[in-house]
Amino acid sequence: MALNLDAVPTVLADGTSFEELINPDDHTISLRLFTDPEIYRWELERVFTRSWIVLAHESEVPNPGDYVSRSIGQDPVIVSRDEDGKVHVLLNVCAHRGMQVCRAEYGHTSTFRCPYHGWIYGLDGSLRGLPAKNEIYGDRLDKDDFGLVEARVEVYAGMVWATWDARTPELFDYLGDFKFYLDVAFNRSDLGMEVVGPPQRWVMPANWKFAADQFAGDGYHVVTLHRSMKDIGLLGSIEDMKQILYGVDVGFPEGHGLRCLPTNWRGLQLDSDSKNGSSNGSELSIREKLAYVVPAGLTREMIDEPLRLLTPDQLRLLTDFPPIVGQIFPTAAWINDGSLLDGALKPSAAISWRTWIPRGPGEMEVLYWSMVEKGAPESHKDAMRKAAIQVFTSSGLIDQDDAEVWSGTQRVIGGVMAQAQRSTYHGLLGEIKPDGWPGGGLVYDGPSADDNQWLWWMRYSDFMTNKVW
Amino acid sequence: MSVDVTRVQSELAFPPTAIDVDDQELRAHRIPFADPIYFEALQWLVEEAEALDEGRLDDWEALLADDIVYRLPVRVTVHRRDGDGFIGEMGHFEEDILSLKTRVRRVMQTNSAWSEDPPSRTRRHITNVRLERVPGGDLLHVRSYLFLVRSRWDDPTFEFLSAERRDILRPTDTGSWELARRTIRIDQSNLGNINMALML
């Protein structure tokens with residue numbers, strides 16, 4: 001559908017220009033962005049209707065007739081698979097009087113029947129029938145005009161993506177060079193990934209942008225906020241939390257960002273014969289490297305699959321600088337981590353997608369899908385599921401503390417002085433691209449700083465001021 | 001003891017989660033409230049809640065069996081014909097003794113467990129306790145309702161969590177009980193808790 005956002009204002013009701021809130025010259029943003037209901041409403045219209053939003057994994061709706069209930073912004077949607085196997089995303093609001101048509105989160109059906117007046121929709125959202133149509137409407141209602149509103153849908157990297165806006169570029173154009181990295185993380189096996197069950201859902205009193213900002217590229221917080229991981233001995237050879245800062249961030253003007261950590265980052269002894277154990281592995285073949293440091297989620301028996309499916313450049317990334325965390329603008333975040341979980345948890349890997357769903361200026365819902373490689377042995381899947389739940393989720397040793405600071409920030413920024421304060425993004429190091437870096441994007445080798453996050457805010461600003469495409 | 005439950009296969013994308021000992025069989029072995037063992041189990045549950053509410057996590061850890069399986073499965077809203085909403089293998093907790101000890105150590109022995117420092121004030125209200133003798137042994141199956149009230153910071157509103165717990169208690173050499181299984185059947189599909197930083 002075409003949304004009419006051509007003439008939206010960029011000046012808030014109190015006369016403040018949006019440009020004052022995100023200043024590209026002094027690299028600061030106003031804390032008002034996290035509390036203002038008017039800005040929140042703009043976000044629902046300007047960001048969430050016309051960006052690509054992840055809603056489900058295809059393994060949640062494997063068969064024709066399967067459906068799940070999700071949200072795009074605050075709009076509830078049905079993700080369904082029709083008789084021909086095509087996935088649809090439908091506004092879960094009856095075309096007749098607005099009732100919620102589908103009221104289960106998971107199910108299997110041939111049609112959706114609104115419980116109010118009985119309008120019946122197909123899995124593709126088309127209006128199939130309604131009680132007493134001839135008696136009540138005669139020829140004054142054309143069924144073709146009253147289907148459920150349907151979004152544009154793509155299935156990529158196993159995820160179901162949707163956008164409402166007809167003018168949003170195709171998903172691959174939207175991802176741009178990010179796709180190179182996403183394929184390394186999620187498209188490197190014959191059977192692909194699957195979810196282990198329905199996603200976790202939980203709601204916290206914090207603006208959605210705290211989470212989006214962090215996943216855009218904040219490696220800095222790990223040193224302090226997640227220090228307990230080291231204190232309880234789960235970071236193996238890490239002795240100084242500052243070591244965790246070092247890696248390669250890759251940012252995109254489109255607002256996407258990711259972080260790669262070198263496999264020798266942990267002092268991993270790639271070459272078992274090396275005297276000092278600090279080999280960079282350059283003398284090893286790709287296959288040998290994959291066997292030494294098996295990519296997160298795969299098993300040693302599966303390493304022929306990435307060798308076959310990825311390009312030489314992608315394989316070099318996977319073996320030397322695997323992408324471990326990233327986010328596609330605005331809210332499609334993922335972790336593919338085999339590095340942070342040394343020590344007690346085996347296999348030391350966890351893979352997930354998550355998304356931040358806005359529920360008001362001061363509230364967000366988190367959806368968290370735990371992923372495994374479909375072709376991995378059941379015991380491996382089971383161990384990965386447990387590692388993910390114990391470390392990264394609502395109860396996770398890491399995520400518990402993220403929730404604490406996101407909600408803790410929300411709690412204190414509503415006052416007059418706080419609203420006059422601005423968050424700084426002065427940690428801009430500029431692009432430092434390692435020689436022969438195999439992928440695209442803006443590449444920042446060194447400590448994780450503000451570069452990626454600032455790109456996210458610049459892109460957010462484009463959406464909010466209607467300079468999108 | 002069988003820990004799998006056979007159910008009618010639903011048409012959902014994920015099969016129902018096998019989360020309980022055979023429910024129907026167990027209910028036939030319900031222990032009367034007047035039985036002295038009922039009060040023994042009740043006291044155990046109340047004192048467990050006391051340890052957690054008083055922040056004595058080391059004391060709580062001592063109640064756990066080495067082979068404990070501690071779970072909180074994700075629940076979803078489904079139509080009545082599709083069961084009780086426990087499908088697939090995802091959870092909010094999926095713990096063994098090692099991971100539970102890690103959680104306790106994080107809170108008790110580090111200064112970096114920010115999510116519970118300052119700690120929440122909590123009340124675990126344990127009610128509707130029902131006991132069953134697991135056939136063929138000396139294990140107790142204990143069902144209880146949990147209503148957790150959590151006060152965080154100086155926020156005057158509470159966080160709540162409502163669930164049924166299904167436990168297996170095993171007698172110990174010292175004449176007490178240890179927690180061998182706990183499955184927390186939560187009542188929400190979308191949790192209203194900032195995080196799940198508390199043990200339930």
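What you see is a predicted model, and the numbers here were worked out from it, not measured in a lab. In the text below, chain A, chain B and the rest are named by the order of the sequence lines, each starting its count at 1.
Among the candidates A:Ile389, A:Val366, A:Asp231, A:Asp66, the residue making the largest number of heavy-atom pairs closer than 4.5 Å to chain B is A:Ile389. Your options are A:Met204, A:Glu60, A:Arg227, and the one with the most heavy-atom pairs under 4.5 Å with chain B is A:Arg227. In terms of heavy-atom pairs under 4.5 Å with chain A, the best-connected choice from B:Leu72, B:Leu198, B:Thr110 is B:Thr110. The choice from B:Gln188, B:Glu159, B:Arg152 that makes the most heavy-atom pairs within less than 4.5 Å of chain A is B:Arg152. Top candidate by heavy-atom pairs under 4.5 Å with chain B, chosen from A:Gly408, A:Ala104, A:Ser395, A:Ser228, is A:Ser395. Heavy-atom pairs under 4.5 Å with chain B peak, among A:Arg103, A:His226, A:Arg411, A:Glu365, at A:Arg411. Comparing B:Arg103, B:Glu95, B:Arg105, B:Arg75 by how many heavy-atom pairs each has under 4.5 Å with chain A, the most go to B:Arg103. Contacts with chain B were tallied for A:Gln200, A:Lys381, A:Glu363, A:His108; A:Gln200 has the most, counting heavy-atom pairs under 4.5 Å.
From A:His57, atom NE2 reaches atom CE of A:Met159 across 6.5 Å, with rounding to the nearest 0.5 Å. A distance of 11.0 Å separates CG in B:Leu139 from CZ in B:Arg133, rounded to the nearest 0.5 Å.
Between B:Tyr70 and B:Phe93, the two ring planes are perpendicular [angle over 60°; tilted spans 30° to 60°]. Aromatic ring orientation, A:Phe34 versus A:Phe210: parallel (interplanar angle below 30°, classes split at 30° and 60°).
Heavy atoms of B:Asn193 lying under 4.5 Å from chain A belong exclusively to its backbone. Interface residue B:Ala113: only backbone heavy atoms are found under 4.5 Å from chain A. Looking at A:Tyr368, the atoms closer than 4.5 Å to chain B (heavy atoms on both sides) sit in the backbone and in the side chain alike. With a 4.5 Å cut-off on non-hydrogen atoms, A:Thr393 touches chain B through its side chain but not through its backbone. In this structure, chain A has heavy atoms under 4.5 Å from both the backbone and the side chain of B:Asn111. With a 4.5 angstrom heavy-atom cutoff, A:Leu225 touches chain B via backbone and side-chain atoms both. Only the backbone of A:Ser59 has a heavy atom closer than 4.5 Å to any heavy atom of chain B.
For the 3.5 Å distance criterion, the side chains of A:Gln400 and B:Ser115 qualify, holding a donor opposite an acceptor. Between B:Ser144 and B:Glu164, the side chains place no donor N or O within less than 3.5 Å of an acceptor N or O (distance only, hydrogens not considered).
A:Arg385 has a carboxylate O that lies under 4.0 Å from a charged side-chain N of A:Asp382, or vice versa, which qualifies the two as a salt bridge.
Listed for the A:Ser407 side chain is a donor-acceptor partner under 3.5 Å among the backbone atoms of A:Ala403.
Contact check for B:Arg71 versus B:Val69: side-chain heavy atoms found under the 4.5 Å cut-off.
Partner of A:Pro198 under the side chain to side chain contact (heavy atoms under 4.5 Å, CB included) criterion, chosen from B:Val78, B:Leu12, B:Val74: B:Val74.
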